[in-house]
Each structure stands twice: as C-alpha cells, then as structure tokens.
Visitor: 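The structure is given below, and queries will be raised subsequently.
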Amino acid sequence: MTKELPKNYNAKESEKKWQDFWEKEGIYKFDDNSKNPVFSIDTPPPYISSDSLHTGHAMSYTQAEIIIRYHRMKGENIFYPMGFDDNGLPTERFVERKYKVDKSKITRKEFVELCLRETREGGKKYEELWRKLGLSVDWSLLYSTINPLSQKISQRSFIDLYKKGRIYREEAPTFWCTQCQTALAQADLEDKEEKSLMYDIEFKFDSPTGEGDPAIISTTRPELIPACVALYVNPKDERYQKYIGGFAIAPITKDRIPVKTSETVEMEKGTGLMMVCTWGDTEDIEKWKADKLDTKLIIDKNGRVNEKGGKYEGMKIKNMREEILKDLEELKLIKNKTEIEHTLNIHERCKQPVDFFVSPQWFVKILDIKNELRKRGDELNWHPKFMKIHLDNWIDGLKWDWCISRDRFFGIPLPLWYCQDCGEIILPEDDELPVDPRETLPKNPICPKCQSKNIKGELQVMDTWMTSSTTPLINNHWKETDEKNIYPMSVRVQGFEIIRTWLFYTLVKAHLNTDSIPWKDLMISGWGLAKNGEKMSKSLNNFVTAESMLEKYGADALRFWSCGATLGMNLRFSEDDMRSGQKLLTKLWNATRFVMMNLEDYDRQIFINRNDLCEADVWILSELEQLIWDTTYQLDNYEFARAKILLEHFFWIKFADNYIELVKGRLYGEDKKGKLSAQFTLYSVIATLIKLFAPILPHITEELYQLFIKEPGQPNSIHISSWPKGLDFSHPTYMKTPEWFKNKKEVLKNGEKLLEIIAEIRKQKAEKNIKLGESFKKLTIGSNEEFIKKIQEDLKNLSHAGELIISEKEKKIVIIE
RNA sequence: GGACGAUUGGCUCAGUUGGUUAGAGCGUCUCGUUUACACCGAGAAGGUCGUAGGUUCGAAUCCUACAUCGUCCACCA
C-alpha cells in the first residue's frame, strides 16, 4: 500500500479522463449475450430544437442516471439508450425560423434535408453535453425519432392499429392552428388568460306576424354570428318556455335559427340564452354532434372568411370582428358590453389561439377504452405514487379521440395510398416499410378493389407523439429480425408535465399494439426551477445553462445539487449547493488521502477477528453496515435524495469528524494491535464508502478507486464493481463479517452515547477556553457502561486529557478540570 | 369549479407506518492553523413546523375547514 494521492483533486481534468476511459473500455455497453437480469430504461428523447439545455434538464437526467448506475453495480445488464426527438412540428418550426423559410419557394424534399441537417448538428451538441455530465449511456444504442427504424416501427404500429380497427379517418372538426396550418390534438393545447369584452347582442325570436320579441344573447365572439346554427336555453328556464322549439332570426344575416334546450345551459349566465356556432369552442362541437346541427363554417385554413361569411368574405377573421361590431353598433343591436377575463385555448408551440376547422384527419379510437387504460395505469409501479392521479385525471377528462395526422412537411409519413377512383385505402406490406407514399407508389400499384392505376399517396404526416409513444418498441426493435428481449422495459423516466402526452400515448400504444404495459416502473421527476422558484426560460432571463455550471463546478458537483430534492419535487437552482458539492469532493479526497497515508505498512489481505477489533472500530463498522442496508433500500425505491443525505451524514459527521479524530492516537502510537485494528477499519470504510458514493459522484469515486482500491484481477472500473452487500465487498475474507453485527443495535446505541460524550468534551473545552489540541489535567466521565471502559484510551487521546477517570457515581456525563 | 403538490430557523431542503429536548447544508457570531483537509475544525445564536378547529395520553406527521404559491384539468355561450 504505497500509492500516494496528489494533494489536490482536479475535477475538470479527472472528469474528462474518466469519461474517455469509460468510452474506450466500453464500460456502459449493453451485453446481448449476458444472462444477468436486464435493467432497461426508456428515457426522454429531447427535442434537438429546444433551447440549449439548462440545469433543470441536467437535474432530471441525473436523478435517473444515479438509479441506473446503482443497478449496474448490482450486476444487472443495463440497457440505457439515448434518443433524440427530431421529427415533427417543433423541428419544422425551428428550421423555418432559423432559415426564414418560405414554404412556397422550397420543395418538400429540400426542406426535409434542412431539418435532417439541423437534427444531426443538434444531436452532436447534446451528446457532448450528456457525456460531460457523466451520463452512463450506451451510445451505440442511440436512436432518433426520424431515423429509418423509428419510421418503420411507427408505421408498423399504425398499420397494426389500422388492422385492429382502432384507426379511422373522419371529416371532423378539429383544433386547428391557422398559424401552423395543421390540425392539433387536445394535448397540444395550453391555456391563456386574456381580457376580453362580452357583448350582449339582440337577436329576434321568430313570429308568424313578423319580427317577434327580442332575444338577447351574450358572446365574446360576435364575428361568429354568421356561423350561428342554434340558440340554446335551459329547459327549466321559464322566461323562454314559449320559444322552445321555435326559431330566432340572427342579425345581419337574417338566418332563421332553431331554439333548442340543453341541461348544460346555465340560466344565470348572461341572459340564459346561448349562441351555438360552427365552431367557437368545444361546447359548440358537443352540441353540434349531439343534436346534429347544421354546419356553417365561415373560416378557411388561413384564418380568412370564406363565401359563407357573406359580405365579410375575404377578410381576416380579426378584421371581420371589427367590421361586424361596427355594423351591429349602427343597427343599435349591441345592448351591453362587459369586460371579462376568460381563458383561451392556445397552441402550445406557437402560442396562437386555436380555431376549429373541418378537414379529413386520422384518429386513434381511445374514448371507448378509457377503463382499460386506467387499469393499465394501475399495473405500473409509480414513483412517487401520487403522480398516478395526474394520469387518472387526464383519462377521466378525455373527450376526443387521438388526432394523429398533421398537415406538415417534416415528419413520419402516414403509410397509405388512396385509389382516386373508388376511394379504397391501400396499405403497404411490412417489407415496404419505411415508406413515403408522397414519393413512392405501392409495390403493386393497382387498386385491389377496382383495378384502377390512379393511386395517390397520403400527404399528411404523423403527429410527433405518434412516434415518441413507440420508444419502448423502437428500443426493442419490435418485430424486427433482431428483436431484443427488453420489452416491457424496466422503467420509464420522465417529467410530470408530459404524463398526459408521452406517458399516456405510450400506454395507449403498448395496450393496443402489444396488449401489455410498456414498462414496469415509472420514475417521475419534478422540475429544476430558477433560483426564485420560476420555471427556467430565456425570456424570464433566469436561464442557467448546464454547460456553464459544468464548466465552473464540474459534473460531480452539478450531480450533487441534482439530488437535493426528493423524487417528484421541484428543485430550485442553487449555486451554493454546487459549491457544497465541490466541498464534499474535496473532503472525500482528503479523507481518502489521510487513510492512504496511514496504510503504508498495512497489508490489506490481513483479516482481523472481531475480538481483536477495538470498540470504536466495531462501532463505525456497524454504522457502515447499517448505512449499506439503508442506502440500498432507498435506491431500490428511487430515493436518491435520501441516499445522498445518509451517505453525506455518515461520511462527514460520523466518520470524518468523529471516528478519524478518535483513532488518530492509535495510528500514531505504539500499540501495534490497536493500530492494525484502526487501519483495517479505515480501509474497510473508505473502500465501501466510495462505492456507495459512486452512483452520485461517478468521477471522483472512479479516480479514488483506480488510485487506491483496484488491484489486479478486479473490475477495471468502479462502475462495474459490485455494490456492497454487508461488508463482503471485493475481499473474500469479509464474508465472515455478518456474525460481527449480531448485537448491532446495542453497538449503535453505544455509538450515540459516544458521540454525545465527544460533543460534551468539545463543548466544555470551548467554554473553558481550552484549545482543541491543548491538554488539560483531568477528564471525568460519569458512566457505568462496559463499552466506555473499552474505549477510554481513544477518548483520552481525542480529548488530550492528562488523566481519565470513569466514575459510576458521577451523574454528569463529562467533567473537565 | 375539480385534482395534485408545496407551506418547517435569513436561504435551500430532510423529517418513511403519530412517541422523548424538530434535523442538515449554506449564511450569521465567537474561537482555533492540532502532522487528511482553512474548499478546515470546534462552539453558539436562530424555528408558536401557513392559519383555525378536531381526534389522541401524545400531532410537523392523522381528520376538517381556510389562506398563499405552483401545476394539471374543467369552465370559457
């Protein structure tokens, strides 16, 4: 034992060194031939087009990765892929903005090329950052959601669902973004509070004798009057009984509109008379569906008024609103204006208010299987448990089938063709996948129904969730010749904000495609927030990049901060905590240095029987043994934060501040037996402790392992060495130790008393102005306990007392004279 | 309007089935360079555990209201 640690630990140098080493040695490679249990992780493929990664991203990936490292050390065969989500709307919009693309002046092919180029660039940047953070990803498993395999599996999944009757195409009103010019799913929406004016506008009830009684409706969207298809009242509302079943006349258009009833109409709201249009909100659509109302769609895809808008044709809907208000004002039909605050649905990607539009779209039927999906949710092990309610709430609130088609350039094509003559839908064979029906015709380009050769490919592409919901299938190479055996995967890791999307849709796919759950466990993380508790974003100027923190403090320190809050809780950014992390590294380095300096004449093959161990050594080894079980238990339950606290507390308080001080006397003294016992113990504790810290602080622990612990024949990285079980770590003789801890409870209790005595000694010395290293005449300890006698030499050394007396009669635990 | 989470010393957070004087780190104050570490050590101050009730021998912990913050959902005529 002659190696010596340098005086200082250089995190930056060391981290780079070991990251390269891990890569070169293939430490994190998944082993296809291993017989060990597989632990597979479905981890979020970030959008390469999102803002550069901030500390919040780093936090959630790190939290998961700590758990993964733990499982790897337990000997499991780790399948830890990384993906990049580079298909779909976000990428398309990113490229449009970056290159200021005019879609009318570029071909689809050229545009897709640009998207692919950006995704490659972005992917590289991200990969570099993940490596710097020390994520133990097997990069040979890298996938992107636009690559051929992902396309193939997404399309295969689609065709499977189609054949199972879960997919249908319908001319249906859908949420429509006039900005992005595409249909949207319910999950693409966000709320926005906005001030608006509510107008009370006069219609007239129809009467055989000409114009009847006034019918005042309240609306925030007067521009939809030409689209009005019905008025509704509550069936119990006495004011309107005589009009029910009759008609009303709309202003300006003079359209004759039926008056109907619905329980959902609130009598107190406005005048109790509701205008239903094509379509202003989801309420309109529900009534339209339920009562088979007329359709009077006055807006086109671009948000302009069409011919059904009469005199307003051709105007932008916003301008039309101004015009119609002017007209109504002139006719004196606006009876009242109220300022209100209401919530709009906006598109979460572009923040524009959504409209409704009718167009043919593809849907996955899910409303009829809500119960089955809820049961699938029950089958998963949720960490933390309460997150499950987010999913249940979402499923309960579902009102729409899943709209999976998008009218965009970049994305995975919907794999089908239409016969232009008879309308037959033609699907590709599995060996044709992946296919782009916009570019290619089917293998057999003849309509099977009418033999027509007039065949045209679908132009729409898939919603991005349609692909990302297949990540477990992509990872498993579902129905490929090299299909892996990792499905269902062990764990899905993700943030709570995408429970209703990524998690939910993946559950849908697994249930429908494979009649299974997609993973066994769920690990749902909170957000890393800005210092003041706000969400991190560039616009709020509170954005701290992971890159800058890695540069300043290193990966281990950033990882230390990342486990500062328990799983599922939000964590505020704190540079102080990163400094604390750095300090822990320094302390760990120095403590190990100290141990090594004192092991120069120590042969680590030596085994010491319990009877030859000093009492203080038995105590710290018992604490260590307890620590192993506690840490293991917490990590098994995804509680990295609790594990961190346990480790830190043991290491800093019990081991460094107290135990080491207690045994220094023996290390420097003449008692050879006592010294050997201390050496044995110091080595055992440090060798075990750095393994326990390894998942959280992978770099410094690797450095220490390589310099200090690793011997020929042992694993060439700490991260594939064995997780401690009891004290049997990598030393054959330690297998004998379990019998040591038969009376552990008593030993630990004695330890508490011991710490109390030490604290009291220090306190009294401080009160009496005696320096810590300064000696004094007499120390009296009031105790009749056996272990105090056994430990008295250590106590005498620690306190620097000239004389130590243990008195059974003395009631005070410590007296210093 | 419904749901979930949070509310603990100046700051950031622990507190796992209710049990003796509620913990840690940072910050503050005092002392100390002892041969692992001044990126250190020792000591101290600092909390009516959001508010009000209730259950209990006993509540930060369980129950009921309420308040504030965050998030999701619903409403959004």
Side-chain angles (χ1 to χ4, degrees), chain A residues 5 7-9 186 190-191 193-194 196 198 217-221 224 228 231-232 262 264-266 269-277 280-284 287 340-345 384 386-394 396-399 496-497 499-500 526-527 529 531 533-535 561 564-566 568-577 579-598 633-634 637 639 641-642 644-646 648-649 652-653 656-657 660-661 664 667-668 758-759 761-767 769-774 800:
Chain A
L5 283 187
K7 184 143 169 65
N8 294 309
Y9 173 63
Q186 191 178 350
E190 222 173 63
D191 287 351
E193 291 279 330
E194 208 180 65
S196 178
M198 168 98 83
I217 59 105
S218 301
T219 182
T220 53
R221 305 207 46 191
L224 288 180
C228 178
L231 296 187
Y232 274 79
S262 167
T264 64
V265 178
E266 288 174 45
K269 206 149 188 175
T271 55
L273 194 57
M274 177 201 267
M275 170 174 88
V276 171
C277 313
D281 56 37
T282 53
E283 190 72 24
D284 286 351
K287 299 228 167 10
I340 59 154
E341 199 151 284
H342 69 158
T343 324
L344 290 173
N345 279 323
F386 69 83
M387 288 292 185
K388 181 176 175 298
I389 295 163
H390 287 263
L391 178 70
D392 289 339
N393 283 350
W394 175 251
D396 288 343
L398 276 177
K399 286 187 177 168
F496 64 92
E497 79 282 6
I499 288 177
R500 66 180 172 136
W527 276 342
L529 302 174
K531 208 160 69 184
E534 288 170 331
K535 199 174 164 176
W561 164 74
T566 46
M569 295 295 117
N570 295 337
L571 177 63
R572 294 182 185 206
F573 172 73
S574 156
E575 222 166 315
D576 278 347
D577 283 351
R579 274 189 280 270
S580 298
Q582 270 187 322
K583 282 167 75 173
L584 176 66
L585 300 188
T586 306
K587 188 81 179 174
L588 201 53
W589 184 259
N590 285 319
T592 309
R593 254 183 83 223
F594 170 78
V595 171
M596 282 175 67
M597 286 163 69
N598 286 289
Y633 173 81
Q634 297 301 351
N637 288 290
E639 293 287 359
R642 286 179 183 168
K644 182 200 98 163
I645 290 169
L646 287 167
E648 213 185 350
H649 187 251
W652 209 299
I653 305 296
D657 288 347
I660 286 185
E661 294 306 321
K664 274 181 178 169
L667 289 171
Y668 306 146
I758 296 173
I761 292 171
R762 287 169 171 164
K763 187 176 159 188
Q764 288 191 25
K765 284 185 88 168
E767 279 167 3
N769 264 327
I770 306 170
K771 291 178 191 169
L772 276 180
E774 197 178 329
H800 298 273

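Every chain is numbered from 1 and lettered A, B, ... according to where its sequence line falls, protein lines coming before strand lines.
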Visitor: Compare the minimum distances between each of B:G43, B:G25, B:A14 and the side chain of A:Met569, then state the nucleotide with the smallest one.
Guide: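 Shortest atom-to-atom distance from the side chain points to B:A14.
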Visitor: Please give the distance between the C1' atoms of B:G50 and B:A60 as a whole number of Å.
Guide: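 Looking at atom C1' only, B:G50 and B:A60 are 12 Å apart.
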Visitor: Does a side-chain N or O from A:Arg572 land closer than 4.0 Å to OP1 or OP2 of B:C11, or not?
Guide: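 No, A:Arg572 has no side-chain N/O under 4.0 Å of OP1/OP2 on B:C11.
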Visitor: Is A:Lys765 near enough to B:A42 that one of its side-chain N or O atoms lies under 4.0 angstrom from OP1 or OP2?
Guide: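 Checking A:Lys765 against B:A42: no side-chain N or O falls below 4.0 Å of OP1 or OP2.
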Visitor: Applying a 3.5 Å limit to both distances, which nucleotide forms a Watson-Crick or G-U wobble pair with B:U33?
Guide: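 Paired with no nucleotide.
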Visitor: Look at the aromatic rings of A:Trp561 and A:Phe573 and report parallel, tilted or perpendicular, splitting at 30° and 60°.
Guide: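 Answer is perpendicular, since the angle exceeds 60°.
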Visitor: How far does the C1' atom of B:C13 sit from the matching atom of B:A36, given to the nearest Å?
Guide: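 One C1' to the other, the span is 29 Å.
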Visitor: Reckon A:Thr566 has a side-chain N or O less than 4.0 Å from the OP1 or OP2 of B:A14?
Guide: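 So the side chain of A:Thr566 is within the cut-off, an N or O lying under 4.0 Å from OP1 or OP2 of B:A14.
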Visitor: Which base sits across from B:A38 as a Watson-Crick or G-U pair, both distances under 3.5 Å?
Guide: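 The base-pairing partner of B:A38, which may sit in any strand shown, does not exist here.
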Visitor: OP1 or OP2 of B:A14 sitting under 4.0 Å from any side-chain N/O of A:Lys644?
Guide: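 A:Lys644 to B:A14 OP1/OP2: no side-chain N or O under 4.0 Å.
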Visitor: If we call it a pair only when both distances are under 3.5 Å in a Watson-Crick or G-U wobble match, what pairs with B:C69?
Guide: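 Paired with B:G5.
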Visitor: Describe the nucleic acid contact of A:Trp561 in one word from base, sugar-phosphate, nothing, applying a heavy-atom distance below 4.0 Å.
Guide: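 Contact class for A:Trp561: none.
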Visitor: Categorize A:Phe496 for me: base, sugar-phosphate, or nothing, with a 4.0 angstrom heavy-atom threshold over every strand shown.
Guide: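 The residue A:Phe496 makes sugar-phosphate contact but no base contact.
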Visitor: Need one value for A:Asp657: base, sugar-phosphate or nothing, where a base atom within 4.0 Å counts as base even if backbone is also close, heavy atoms only.
Guide: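 Contact class for A:Asp657: sugar-phosphate only.
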Visitor: Within the structure shown, what part of the strands sits under 4.0 Å from A:Glu266 by heavy-atom distance: base, sugar-phosphate, or nothing?
Guide: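 Result for A:Glu266 = base.
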